[in-house]
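Below: the structure, in structure tokens.
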Amino acid sequence: MTKEKKVQSTTINSNCYPLIRSLNFIRPISQFIFFLFLSLPFQSLPSSSSSSSSDRKFKDPPPLPILPIPSAFQLRWQLDDMAIFLHFGTNTFTDSEWGSGRADPSVFNPTQLDAAQWVRVAKDSGFKRLVLTAKHHDGFCLWPTEYTDYSVRSSPWRNGSGDIVGELAQAARDAGIGLGIYLSPWDRHEPCYGETLDYNEFYIGQMTELLTKYGDIREVFLDGAKGENEKDMEYFFDSWFSLIHQLQPGAVIFTDAGPDVRWIGDEAGIAGSTCWSLFNRSYVTIGGYDTEYLIRGDPVGHDWVPAECDVSIRPGWFWHPSEVPKSASTLLDIYYKSAGRNCQLLLNVPPNSSGLISAEDIQVLKEFNELKKSIFSLNLAANALLTASSTRGRLQDSRFDPYNVLKEGIYTYWAPEENQYEWVLYLNLTKVVSFNVLRVQEPIHMGQRVMEFHLEILNANDEWKKVINGTTVGYQRLLRFPTVKSQHLRFVIDESRADPLISNLGIYMDEFSIFSNIVYNNTRRHTHLNGSQYLRHIPFNHSQVATM
Ligand code: FUL
């Protein structure tokens with residue numbers, strides 16, 4: 001009996017979500033009446049929450065996942081949070097960004113190259129993966145490929161017997177950190193570029209070398225860039241994707257349009273404040289994209305394609321002697337707007353011409369890591385008393401308990417009872433606390449659900465006051481707002497694709513952000529702040545309610 005009711009009500013929830021969404025303009029009272037009406041046929045059946053626990057032998061099952069959901073490897077990728085991008089090649093020695101493909105290999109001689117240093121810097125600064133430009137658009141290969149002599153084999157570095165991909169793969173393995181490779185489709189050196197069949201064979205030959213000789217590869221980054229008036233040709237993407245998945249089933253493939261990870265649509269590392277991992281791959285072609293669609297994703301998308309935010313620590317992707325790194329506070333701001341908006345941050349830190357990551361870049365990464373730790377190591381809600389508007393399952397069932405939101409990780413979560421007309425978590429912090437950052441996570445292995453939410457505090461006059469509104473959560477949502485003080489909070493989900501599930505809720509104090517005065521847009525991509533600004537405390541205007 002109970003089981004039968006369960007099936008029926010779950011069907012209402014998972015398959016009729018457009019219906020539930022469309023109810024928002026009539027909420028909350030009329031929605032309540034509507035649900036009452038919906039549940040009339042089942043009224044003679046005991047509700048799953050109100051039936052006495054003694055008459056049931058079995059556990060309540062978890063809620064249904066809501067499609068699309070991530071693959072195991074998309075999930076592993078997402079949990080990395082941040083990765084380091086390494087642009088390195090002949091451009092590093094010729095002071096260029098898009099090499100012509102005609103640079104003499106003799107220019108390539110990074111005499112102090114130490115891949116273990118790259119790995120150490122990444123690991124010590126909290127990054128979980130490195131992605132190396134094994135071949136950039138100039139066609140020079142950082143491994144001794146058998147398909148061209150335009151590679152490290154023809155350079156003076158290690159007398160032509162070196163292999164940078166090999167050294168990095170070894171160092172990454174030793175340190176237990178993931179490796180990704182960038183193999184540029186556009187190749188300005190290779191004579192067969194432009195001959196569709198020949199070049200696709202050549203490219204697949206190179207890709208096969210990279211995916212079979214160096215152990216585990218976690219990401220294959222396929223850049224869609226190509227200069228104007230270049231030879232026209234077709235890339236056999238479907239064959240490339242199938243081959244990559246066959247040779248490295250654990251690797252995610254990045255392009256403008258997935259299949260596994262999509263580009264965020266800008267090179268400033270900034271995601272939309274609404275950002276879905278849901279997406280329709282068929283709406284986007286590689287190289288022909290609608291930036292808005294990439295930035296925001298698609299609440300009714302059929303494919304799971306989360307976004308990666310690539311941005312360089314310096315103005316250029318390659319190292320140039322005249323350029324300086326961004327400040328730690330700028331990186332922190334980018335972190336909030338990438339990893340804090342359901343994306344992964346892929347931060348480019350280009351090794352210099354000696355083959356090392358420069359001391360000034362290391363210093364900035366160290367400061368950035370310290371800023372992050374000083375903000376996020378103390379969840380001011382860690383000892384809060386929690387209650388919820390409703391909880392799925394029986395009282396003794398801890399799997400759906402509101403306290404799960406205080407546990408780290410996405411696999412434990414609070415689940416409300418089905419068919420509710422309000423979804424609220426109440427936090428009693430047991431004392432008055434000041435804070436200005438909210439962190440929320442969804443158990444994305446169950447699908448991305450939350451569409452709109454807000455946070456309220458009980459003010460000194462015992463009135464509930466809205467602090468911040470947000471749209472979309474996903475893997476991780478970080479929101480900053482003017483500092484507020486309270487003992488009692490209400491986290492309210494206003495709109496959701498299905499019953500919302502929350503795996504983490506935290507509040508923090510950020511003394512460092514200068515978030516209101518950094519402007520990013522497509523015309524001003526690289527904002528430079530003086531390195532000394534990173535510890536400055538900017539007083540906020542305490543009167544406003546922020547909307548992000
Ligand atoms: C772009 C390329 O043209 C840049 O050189 C760089 O590699 C960046 C990550 O992608 O499309």
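Every number for a ligand or one of its atoms is a count from 1 in the order of the listing.
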(request) Give, for atom NE2 of His136 and atom CG of Asp187, the distance between the pair rounded to the nearest 0.5 Å. (result) 11.5 Å
(request) For residues 246-257, pull every pair meeting side chain to side chain donor-acceptor pair (under 3.5 Å), keeping only residues two or more places apart or in separate chains. (result) none
(message) Within a 6.0 Å radius of atom CZ on Arg296, are there more than 12 heavy atoms belonging to other residues, nucleotides or ligands?
(response) no
(message) So, taking the atom named CD1 in Ile410 and the one named CD in Gln441, what distance separates them when rounded to the nearest 0.5 Å?
(response) 7.0 Å
(request) Scan side-chain atoms only and decide if Tyr203 and Asp198 contain a donor-acceptor pair under the 3.5 Å cut-off. (result) no
(message) One thing to verify: whether Lys337 and Asp266 come together as a salt bridge, which I'm taking to mean a side-chain N less than 4.0 angstrom from a carboxylate O.
(response) no
(request) Would you check ligand 1 and list the protein residues that come within less than 4.0 Å of it by any heavy atom, ordered by chain and number? (result) Phe85, His87, Trp98, His136, His137, Tyr182, Asp223, Ala225, Glu267, Asp310, Trp317
